[in-house]
Engineer: 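The following block contains the structure, expressed as structure tokens.
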Protein chains: 4
Amino acid sequence: MQHAELRERVLEANVALGRAGLVTLTFGNASAADREAGVVAIKPSGVPNDRLRAADVAVVELATGELVDSGLRPSSDTPTHLALYRAWPAVGGVVHTHSPFATAWAQARRELPCFGTTHADHFDGAVPVTRPLAPSEIEGEYERATGDVILETFASLALDPLDRPAVLIASHGPFVWGASVEEAVENAIVLETVAASAYRSVVLAAGLEAIPAELREKHFKRKHGAGAYYGQSA
Amino acid sequence: MQHAELRERVLEANVALGRAGLVTLTFGNASAADREAGVVAIKPSGVPNDRLRAADVAVVELATGELVDSGLRPSSDTPTHLALYRAWPAVGGVVHTHSPFATAWAQARRELPCFGTTHADHFDGAVPVTRPLAPSEIEGEYERATGDVILETFASLALDPLDRPAVLIASHGPFVWGASVEEAVENAIVLETVAASAYRSVVLAAGLEAIPAELREKHFKRKHGAGAYYGQSA
Amino acid sequence: MQHAELRERVLEANVALGRAGLVTLTFGNASAADREAGVVAIKPSGVPNDRLRAADVAVVELATGELVDSGLRPSSDTPTHLALYRAWPAVGGVVHTHSPFATAWAQARRELPCFGTTHADHFDGAVPVTRPLAPSEIEGEYERATGDVILETFASLALDPLDRPAVLIASHGPFVWGASVEEAVENAIVLETVAASAYRSVVLAAGLEAIPAELREKHFKRKHGAGAYYGQSA
Amino acid sequence: MQHAELRERVLEANVALGRAGLVTLTFGNASAADREAGVVAIKPSGVPNDRLRAADVAVVELATGELVDSGLRPSSDTPTHLALYRAWPAVGGVVHTHSPFATAWAQARRELPCFGTTHADHFDGAVPVTRPLAPSEIEGEYERATGDVILETFASLALDPLDRPAVLIASHGPFVWGASVEEAVENAIVLETVAASAYRSVVLAAGLEAIPAELREKHFKRKHGAGAYYGQSA
């Protein structure tokens, strides 16, 4: 089996998404890139997590999307994953879920404001929501267009993808990423956690505003960059 | 034991409903049809899932509703199940639950709009809600009348039962079906998932409208029909 | 050990309340009456369910509330339980919880309307909420006064306690009962289930009205009385 | 290993927070003071609960915050914990979580009113919310300032910390304490329970007022002080 370790990590990531309650049935997928080898390993389409084996994980060429060997058909969302890997060289893992509260914000077509410090620890501001896709984008290469509208959203807001590692696809659900697939899974768990507390916060305080910039930056920088002082390794 | 495999599948389906959190105590039932044999196997009335055995599953004649052998009394909802099997030859399994969020929509007497892509993957539009039953329908053959009002709802809206495999009974809860009982169980899980995210979506965006037809159709056709490209077998 | 079987059943009932998610830490208690022996077995005060043994279950005289043997101190809510057993000879078990959604209705001081058929299967109408206790009642024999206000509520509404086997204590939580303690536990599970779906129903439909009387009666009588046709034993 | 028993208790407390669903990933920490030894044991920074060992628990001087031996780096929230221990001699354990519902109230910047008897059993009134920190406090010794604003809140309201053993940090989450770390963990579980029922209570009754003082005091005194009659040991 080629790319055995990469496949194993992608298997683990998909299983972790189910265990964390972020994926029901087959509604989600995780991928990891090996940029030296020029490949992406991704969940096969329509296979439930509890039946997934490392050998079933699909491996495709990063540049072309072609299957590397004769495995199962990759996730139908593969073109979305590839668009992100191609545009953002620092990204090593991508996760797509329909986690309950993040999906509610996506379906409501509302960005997820930064209402608290856990949000600020991981995302340096609001998690943006994409514009709706045009009919021509939906009817054409739909999954590729989903990737393009993510890139358009981040370009127009001038966001760094690793400082704001998630997006809400309007009427759909979240895509989340990270320097590695393990980090992408962690960010997906954090996103769902803060989406739930933000939901309850606006129920308790309808016109609630985001936290002030100085508090948001303090928390983000506790965990990121040269001045970080959270954890054991910084 | 006659119809051993059919009974086994109905047992599994009822257990799966409990495991997925869709059925509390005895509030739900699953059935499967064997159209060649002309029979329907269904959960016995009032038996909790954790005490159910395959031999307890009731088997009735599809045409008459008569018990095939001397087993336990079938679910009191059997006439509702039979009405659907008789009218819709493509249906092979029927499930009734009081799953938490789907029941909330049914009790609120609101149809469940299509607010996102997971909904569109499985249902080609809003899950309809029935009209309230008239007093004469309630006092007469109530469970049969429940089946009839489902059929009336689908006829008046000109819906294909396998393209929109669920309904909300006003002031009651959901009925869900599929080509097989396994598919009906999966559709019941999906229904509860999308009922929950739709609930939270309208809390976040009170006047939210359904997704555009082109997005809904794109997703439904990714999974159904000649152009399907989701999963391994299409 | 005297009354070993009664103690065992009360132990099981308390454990079942925890397993069903109705009791956190020590916030709840179950009791059972043996009317021939003139005693009531009840959870000891402040002992968590996971450390409870049958020998710890307290047994008191139904008439006087005196401990039958030198066991642990009975629940501080014992006078409330005893008031119900003394007034209602058909009641064999009483349960008190702070289950999440039933407590929300009790704290909101709203009766729980009958919005659906699961409610109607078990309660023949709205679960009433008590009036607030007067300061003199709180400062005096508080737990006894809690029992008295339940009886006052049921007397003023002319309700049969076994046809409407639950009440919401204003600013407190539910008391639930049944012909046996096992039935009381089941009714407590049902109460929490319907309190949750009713909560979500009023979020979806603010001015929602109770279901019509004919539907409510149809369902209650499917399970109760001479014409019952639900389950295996009727 | 120095302070082995203290470390073991802090390990247990952190694990208990995860098991109770109050801490996701590394978003929380528990500490315990040994006042005779003049030390505080606290969770190390950024270590998930499922990988935590007693030997990893950090021990610092209560007076200086200096590490006692060469262990892992203590939680970044250590200065907040120390501020509370120094000001409040009766406090033996401190817990910080981002439990879902308590965090929603903190993010909404609303105090948590006493709406029911479970709240009154543990807290003698509303759980207060702090004022927002000033930019200079955030940019300076932020975690120390978080401790100071808790003390300021309790001083300005003239609250006894053991009668009201929790606070909501605006835009952040709860800090909870007790005479021991075990009691602090129990109070954190209670806080989350009552934060959830209070959330649902205000959804059901928008302008709901706190319970009357006589009911609140009755319940608090059932469990605390000379007249307590709840539990086995009072």
Side-chain angles (χ1 to χ4, degrees), chain A residues 16 19-22 99-101 112-122 178 182-183 185-224 227-234, chain D residues 21 23-28 44-48 51 56 58 71-78 96-112 129 132-143 145-146 168-173 195-196 198-203 206:
Chain A
R19 204 167 40 218
L22 306 188
S99 64
F101 284 92
L112 179 65
C114 180
F115 287 141
T117 57
T118 301
H119 184 121
D121 282 341
H122 293 83
E182 292 78 14
E183 197 177 292
V185 169
E186 180 175 324
N187 287 336
I189 294 173
V190 173
L191 177 66
E192 180 60 12
T193 302
V194 300
S197 65
Y199 170 90
R200 293 173 186 131
S201 298
V202 295
V203 168
L204 289 173
L208 188 62
E209 289 183 15
I211 65 176
E214 59 270 14
L215 182 59
R216 195 190 68 226
E217 287 168 13
K218 177 74 181 187
H219 270 267
F220 191 74
K221 291 179 179 164
R222 291 207 314 177
K223 288 205 165 183
H224 299 83
Y229 58 95
Y230 181 94
Q232 300 300 327
S233 56
Chain D
V23 170
T24 302
L25 301 174
T26 62
F27 312 156
S45 184
V47 178
R51 274 188 263 149
D56 297 334
L72 293 181
R73 182 193 295 191
S75 165
S76 55
D77 295 316
T78 302
H96 174 43
T97 79
H98 295 82
S99 64
F101 284 92
T103 298
W105 286 90
Q107 292 191 162
R109 302 171 203 168
R110 286 177 67 167
E111 68 169 22
L112 179 65
V129 64
L133 291 180
S136 62
E137 293 171 310
I138 293 169
E139 282 148 28
E141 291 185 61
Y142 168 66
E143 291 83 4
T146 300
L168 304 173
I169 312 293
S171 307
H172 190 148
Y199 170 90
R200 294 175 186 131
S201 297
V202 295
V203 168

Engineer: Using non-hydrogen atoms only, which part of D:His172 is less than 4.5 Å away from chain A: side chain, backbone, both, or neither?
Structural biologist: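 For D:His172, the contact with chain A is made by backbone and side chain together.
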Engineer: When rounded to the nearest 0.5 angstrom, what is the spacing between CD in A:Glu209 and OG in D:Ser171?
Structural biologist: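 So the CD of A:Glu209 and the OG of D:Ser171 are separated by 11.0 Å.
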Engineer: For A:Ala210, is it the side chain, the backbone, both or neither that has a heavy atom under 4.5 Å from a heavy atom of chain D?
Structural biologist: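 Contact with chain D involves the backbone of A:Ala210 alone.
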Engineer: CG/D:Leu25 to CG/A:Asp121 distance, rounded to the nearest 0.5 angstrom?
Structural biologist: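 It is 11.0 Å, given to the nearest 0.5 Å.
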Engineer: Identify the heavy atoms of A:Ser201 and D:Gln107 that sit nearest to each other, and give their distance.
Structural biologist: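 Distance-wise, the nearest heavy atoms are OG-NE2, 3.0 Å.
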Engineer: Any donor-acceptor pair under 3.5 Å linking the side chain of D:Arg73 with the backbone of A:Tyr229?
Structural biologist: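 Side chain of D:Arg73 to backbone of A:Tyr229: a pair is present.
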Engineer: Using non-hydrogen atoms only, which part of D:Ile138 is less than 4.5 Å away from chain A: side chain, backbone, both, or neither?
Structural biologist: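 Both backbone and side chain of D:Ile138 come within 4.5 Å of chain A.
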Engineer: Among A:Glu214, A:His219, A:Arg222, find the one that has a side-chain hydrogen bond (donor to acceptor under 3.5 Å, both in side chains) with D:Tyr142.
Structural biologist: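 So the option named by the test is A:His219.
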Engineer: In Å and rounded to the nearest 0.5 Å, what is the CG to CZ distance from A:Leu204 to D:Arg110?
Structural biologist: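 One finds 5.5 Å between CG of A:Leu204 and CZ of D:Arg110.
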Engineer: Which bit of A:Ile189 is near chain D, if near means a heavy-atom gap under 4.5 Å: side chain, backbone, both or neither?
Structural biologist: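 For A:Ile189, the side chain is the part near chain D, not the backbone.
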Engineer: Taking all non-hydrogen atoms of both residues, which atom of D:Ala104 and which atom of A:Arg200 are closest, and how far apart?
Structural biologist: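 Smallest interatomic distance, heavy atoms only, reads CB-CB, 3.5 Å.
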Engineer: With a 4.5 angstrom heavy-atom cut-off, which part of A:Ile211 approaches chain D: side chain, backbone, both or neither?
Structural biologist: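 Contact with chain D: backbone and side chain both.
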Engineer: Chain A heavy atoms under 4.5 Å from D:Ser75: which part of the residue, side chain, backbone, both or neither?
Structural biologist: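 For D:Ser75, there is no contact with chain A at all, as no heavy atom is under 4.5 Å.
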Engineer: With chain D as the partner, which of A:Ala205, A:Ser197, A:Ala120 has the greatest number of non-hydrogen pairs under 4.5 Å?
Structural biologist: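 The candidate making the most pairs under 4.5 Å is A:Ser197.
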Engineer: Is the number of heavy atoms from other residues, nucleotides or ligands under 6.0 Å of A:Lys223 NZ greater than 12?
Structural biologist: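 Yes - once you tally the heavy atoms of other residues, nucleotides and ligands closer than 6.0 Å, there are more than 12.
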Engineer: With only heavy atoms counted, which part of A:Glu217 is less than 4.5 Å from chain D, the side chain, the backbone, both or neither?
Structural biologist: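 For A:Glu217, there is no contact with chain D at all, as no heavy atom is under 4.5 Å.
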Engineer: Could you tell me which non-hydrogen atom of D:Ser45 sits nearest to which non-hydrogen atom of A:Gly231, and how far apart they are?
Structural biologist: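 The pair with the smallest heavy-atom distance is OG-N, 2.6 Å.
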Engineer: To check you understand the geometry: which heavy-atom pair defines the closest contact between A:Gln232 and D:Leu72, and what is its length?
Structural biologist: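 Scanning both residues completely, I find the closest heavy atoms to be OE1-CB, 3.6 Å.
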Engineer: Identify, with sequence neighbours excluded, every residue that meets side chain to side chain donor-acceptor pair (under 3.5 Å) alongside D:Tyr199.
Structural biologist: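 For D:Tyr199, no residue satisfies side chain to side chain donor-acceptor pair (under 3.5 Å) once neighbours in sequence are set aside.
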Engineer: Between A:Val203 and D:Val203, is there a side-chain heavy-atom distance shorter than 4.5 Å?
Structural biologist: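 When only atoms from C-beta onward are counted, A:Val203 and D:Val203 do touch, with a gap below 4.5 Å.
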Engineer: Sequence neighbours left out, what passes side chain to side chain contact (heavy atoms under 4.5 Å, CB included) with A:Glu192? Give chain and number order.
Structural biologist: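 For A:Glu192, the residues satisfying side chain to side chain contact (heavy atoms under 4.5 Å, CB included) (neighbours in sequence not counted) are A:Leu22, A:Ser99, A:Pro100, A:Phe101, A:Ala102.
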Engineer: Taking every non-hydrogen pair under 4.5 Å, which of D:Glu139, D:Glu137, D:Arg109 racks up the most with chain A?
Structural biologist: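 Heavy-atom pairs under 4.5 Å are most numerous for D:Arg109.
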Engineer: Side chain from CB out, backbone as N, CA, C, O: work out which of these in A:Thr193 comes under 4.5 Å of a heavy atom of chain D, or both, or neither.
Structural biologist: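 A:Thr193 touches chain D through side-chain heavy atoms alone.
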